[in-house]
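Some notes on the structure that comes next.
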Amino acid sequence: ALVYAQALVISFSSLLCFSLSVTLLDSRSVQGDLAWVASPMEGGWEEVSIMDEKNIPIRTYQVCNVMEPNQNNWLRTHWIRRGPAQRIYIEIKFTLRDCNSLPGVIGTCKETFNLYYLESDSDNERYAHESRFAKIDTVAADESFTQVDIGDRIMKLNTEVRDVGVLSCTGFYLAFQDVGACIALVSVHVFYKKCPLAVRNLAQFPDTVTGADTSSLVEVRGSCVNHSEEQEVPKMYCGADGEWLVPIGNCLCNPGYEERNEQCQVCKVGYYRSLSSDGGCRKCPLHSYSIEEGATSCDCDKGYYRSETDPAAMPCTRPPSAPHNLISNVNETSVLLEWSAPLSSGGRQDLTYNVVCKQCVRDTQRCMPCGDDVRYSPQRLSLRSTRVSVHQLQAHTNYTFQIWAVNGVSKHSPSLEQAVSVTLTTNQAAPSTVMMVQSKDITRDTLSLFWDEPDKPNGVILEYEVKYYEKDQNERSYRIVKTTSRSTDIKDLTPLTSYVFHVRARTAAGYGEFSAPFEFSTNTVAAPVVGGVMSSAVLLLLVAGCVVVLLLILIITFIITKRRSKYSKTKQAEEKNLQPGVRIYVDPFTYEDPNQAIREFAKEINTSCIKIEKVIGIGEFGEVCSGRLKLPGKREICVAIKTLKAGFTEQQRLDFLSEASVIGQFEHPNIIHLEGVVTKCKPVMIITEYMENSSLDMFLRKNDGRFTVIQLVGILRGIASGMKYLSDMSYVHRDLAARNILVNSNLVCKVSDFGMSRVLEDEPEGAYTTRVRGGKIPIRWTAPEAITYRKFTSASDVWSYGIVMWEVMSYGERPYWDMSNQDVIKAIEEGYRLPPPMECPLALHQLMLECWMRERADRPKFSQIINMLDKLIRNPATNSTLIKKKLRWYRIEIGIGRCSEFLVTDRDRF
Ligand code: AMP
């Protein structure tokens, strides 16, 4: 036994705080012997009891054959049932003796041990040969110890965790191989992880065992908590660390319940909640109550009502009181009625008035409703004004008018208290107009006229008067014929002549108005013309004319509308004064409603077409996942899915989606391709093509030195081609850097990261400082004029492109290494430039230096860069002058634009 182990004080702490871990084996909790199998049985691992910090005995295994060479001591656990675990974690607490503190052991003493496992469906492999065990890892101590301080009871305890996944059998053994260390296994804890039972967006997700792979996500469907219903299918993903990720969809509390502490709690008495989309329970509005819990609406107090269209949040109201101060003003057979608004509107805004007209028999109380021929101006019902004029009443007749004040709840309690009335008598009035005059028995000099009685004689008709004249003569030279009947013969007329006739009636009140003109000719029969002297031919012409004019108006309106919409679409391009045919980038923030830009440039995708598989990165607004997209009628493709994390503001949502409205305008093989967006449900997502090799800087670092110069130039050519496309569209990227280039499985590079704002950590020496465009400037990649006075142009993008060239040729080296941003700005100002990376053709470095010309007009255009790279690719001899030594700086001779090597030192010493 090892003396130092007896005095061990162990402080166990829980390793995992958030996820749920389920123990499969805990050596400390085993009562009695562990009885694991040691081989050799003698002289190798030995089981020893010690006391932990609470003086509870625990079982440990120790071995310390540091003096003897060629040690191979195995210790195997008993068979451990796997349960539902797909990935298991092994937490080992152990102490290890520092070989240097043991005299005379050099060459034999080790400071590591090996961890193995063997899967099996039952406990019958206990003595399986060691060669069948698979190695999990070699475990080394973080801290070994040199001496034992028993007085203070302090010992250096190591905790190491290893994991292994994709298990298939029902159980497994673990084995510890010692190859000559002085080691005590204090505890072995084997467990697997679960995402704990969780409630998100009112959906409950059961505790879920994590997936087999460290990056796999387990999709779990949630079920709505009690008293709630699904608004959109709730889903979440259980990550390998036992944490829930990307909550999608949600449930809403049923009416009568509200969300509190992630549950749906019933509304208290006196409160209500009517729609599941409402906020919390609300107090019953004025003049209403609820006497039971869980009310979806409140009942009205007695005498108060609610109309069918009143929202539940509106107070209960009453019918209005009666209008008052009703005044009538009789003018012959017309009456003008005026009144004042009621003193009480009943608490509502929808007050109108209805007029009831009754015709009453003189000296009796008998009244009956007025006939349909009575006219009301502006109308009889739903009057908003407090006046109405009533026409075409009968003369010398008693009428009673009631004015009712009406609102949305009047029908619940109609009562005369809501009306005011007036009784009046109309005056005498002249008869109304004769409407129709006809003729018959026409001869060369006579014709017989006949007509209808006026609609409103307003008394006894005493006689009719006929006025007539020759059509071609002056109207003032007319003749008059009077008659008591409704017909008369007109004699002594000129043959073959057209005459115009008007007829009027007379009562005791006087003459009525003359009728409209009616035209007849002697010795022929003319059809009376209704309403005047217009012939039917004229009428026909007029109608035809109207149709033509209407058609013309419609055509003109159509042309103007077309032009307008065309203008609004091309407005920006026109404003930029560009040649026709060149497609121009449109800044989504110039739209009055940025949502309109999103609708215009990005296709809305239904979430049912998307399958999220893995989290692959963290973006500025939330997780970036990989997954699959299957659009109807198209084959399934791999996609990247950027999500907007929960709790965002509307501005953040628009900023996030602005990237989609930008990418959606581009179509080029070296620009990341937008598949579409999800904006109609949460989380809001941007779906782009999937780039298997992720960002270029990481990719190059991982593959340091593995590409030929031609391959690297090919990468640069692709980026230049994407940038030429952007500059042709008048788009300035402002953040061109290798980290913002994505690489796919065919090594095609695509420009990405078109986000409009950057919220980055405030580390002074990080990539970005100084806010622009709601973001920060990446100093090392940015042209001096853009840093100094924010002059961002395609020429400043060319400067950044030069830095990307340098990053590519140096396999992802950080530009200007560990210099501070301030020193970089100063050095550039003084004319210094980055030197050629190792193995970089001089011609390429020359191109970089041209991209870094102080005067932006002196820098090459992207089209020229492409030409130069093409030349390099076609003529590899140009690549032959390679830089073989490490250089520190180049200095451009200011004013001349010529480059010369300035200082040569070892970069690493810089
Ligand atoms: P971003 O928010 O664009 O900076 O994205 C964050 C990280 O997600 C990037 O650094 C990439 O690692 C990854 N990523 C973004 N878009 C894609 C994509 N289309 N394909 C593969 N990985 C991507």
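No experiment lies behind these values; they were computed from the predicted model shown.
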> Can you tell if the side chain of V824 reaches within under 4.5 Å of the side chain of M819, non-hydrogen atoms only?
Replying inline: yes
>> Taking R854 first and then E785, would you say they form a salt bridge - that is, a charged N and a carboxylate O separated by under 4.0 Å?
In response: no
> Could R814 and E807 be called an ion pair, given the rule that one side-chain N must be under 4.0 Å from one carboxylate O?
Replying inline: no
>> For the backbone of S608 and the side chain of N606, can you confirm whether one donor and one acceptor N or O come within less than 3.5 Å of each other?
In response: yes
> How about I825 and Q822: do any of their side-chain heavy atoms sit closer than 4.5 Å?
Replying inline: yes
> Do H673 and F666 have ring centroids that are under 6.0 Å from one another?
Replying inline: no
> Is the number of heavy atoms from other residues, nucleotides or ligands under 6.0 Å of K110 NZ greater than 12?
Replying inline: yes
> Going through the distances and angles, do K135 and T138 end up as a side chain to side chain donor-acceptor pair (under 3.5 Å)?
Replying inline: CA-CA 8 Å; K135 185 165 173 180; T138 296; 2.7 Å; yes
>> Does N670 form a side chain to side chain donor-acceptor pair (under 3.5 Å) with R717? I'd like the steps, not just the answer.
In response: CA-CA 10 Å; N670 297 105; R717 206 239 180 242; over 6 Å; no
>> Between F862 and Y725 (judged by ring centroids, cut-off 6.0 Å), do the two rings come close enough to count as a pair?
In response: no
> Is a salt bridge present between E613 and R628, judged by a nitrogen-to-oxygen distance below 4.0 Å?
Replying inline: yes
>> Quick one, N740 with D735, criterion side chain to side chain donor-acceptor pair (under 3.5 Å). Give me CA distance, side-chain angles, the key distance, then yes/no.
In response: CA-CA 8 Å; N740 291 330; D735 195 9; 3.1 Å; yes
> Is the count of non-hydrogen atoms from other residues, nucleotides or ligands lying under 6.0 Å from Q596 atom CD greater than 12?
Replying inline: yes
> More than 12 heavy atoms of other residues, nucleotides or ligands under 6.0 Å from NZ of K702: is that the case?
Replying inline: no
> How close do I865 and A720 get, heavy atom to heavy atom, and via which atoms?
Replying inline: CG2-CB, 4.2 Å
> Taking 4.0 angstrom as the limit, do R739 and D697 come out as a salt bridge?
Replying inline: no
> So how far is it from I610 CD1 to I687 CD1, rounded to the nearest 0.5 Å?
Replying inline: 3.5 Å
>> Give me the atom names and distance for the closest heavy-atom approach of T643 to M685.
In response: CG2-CG, 4.2 Å
>> Which residue is it: Y585, Y801, F754? I am looking for the one with a ring-ring contact (aromatic ring centres under 6.0 Å, His included) to H733.
In response: F754
> With a distance cut-off below 6.0 Å to the six-membered ring centre and an angular limit of 45° from the axis, does R734 pair with F792 as a cation-pi contact?
Replying inline: yes
> Listed by chain and number, what are the disulfide bond (SG atoms under 2.5 Å apart) partners of C625, not counting sequence neighbours?
Replying inline: none
> Got S796 and K791 here, is their nearest side-chain heavy-atom distance under 4.5 Å?
Replying inline: no
>> How close do P683 and V678 get, counting heavy atoms only, and between which atoms?
In response: O-CG1, 4.3 Å
>> Please tell me whether W781 and W852 form a close aromatic pair, meaning their ring centres lie under 6.0 Å apart.
In response: no
>> Whether K642 engages the ring of F621 as a cation-pi pair (distance to the six-membered ring centre under 6.0 angstrom, angle to the ring normal within 45°) should be assessed.
In response: no
>> Looking at every heavy atom in both L872 and A843, which two are closest together, and how far apart are they?
In response: CD2-CB, 4.0 Å
>> A side-chain contact here means heavy atoms from C-beta on lying under 4.5 Å apart; do F113 and Q177 qualify?
In response: no
> Can you find a heavy atom in the side chain of V677 that is under 4.5 Å from one in the side chain of L657?
Replying inline: yes
> Does any non-hydrogen side-chain atom of L726 lie less than 4.5 Å from one of I671?
Replying inline: yes
> Can you tell me how far CD of E659 sits from CD1 of I598, rounded to the nearest 0.5 angstrom?
Replying inline: 12.0 Å
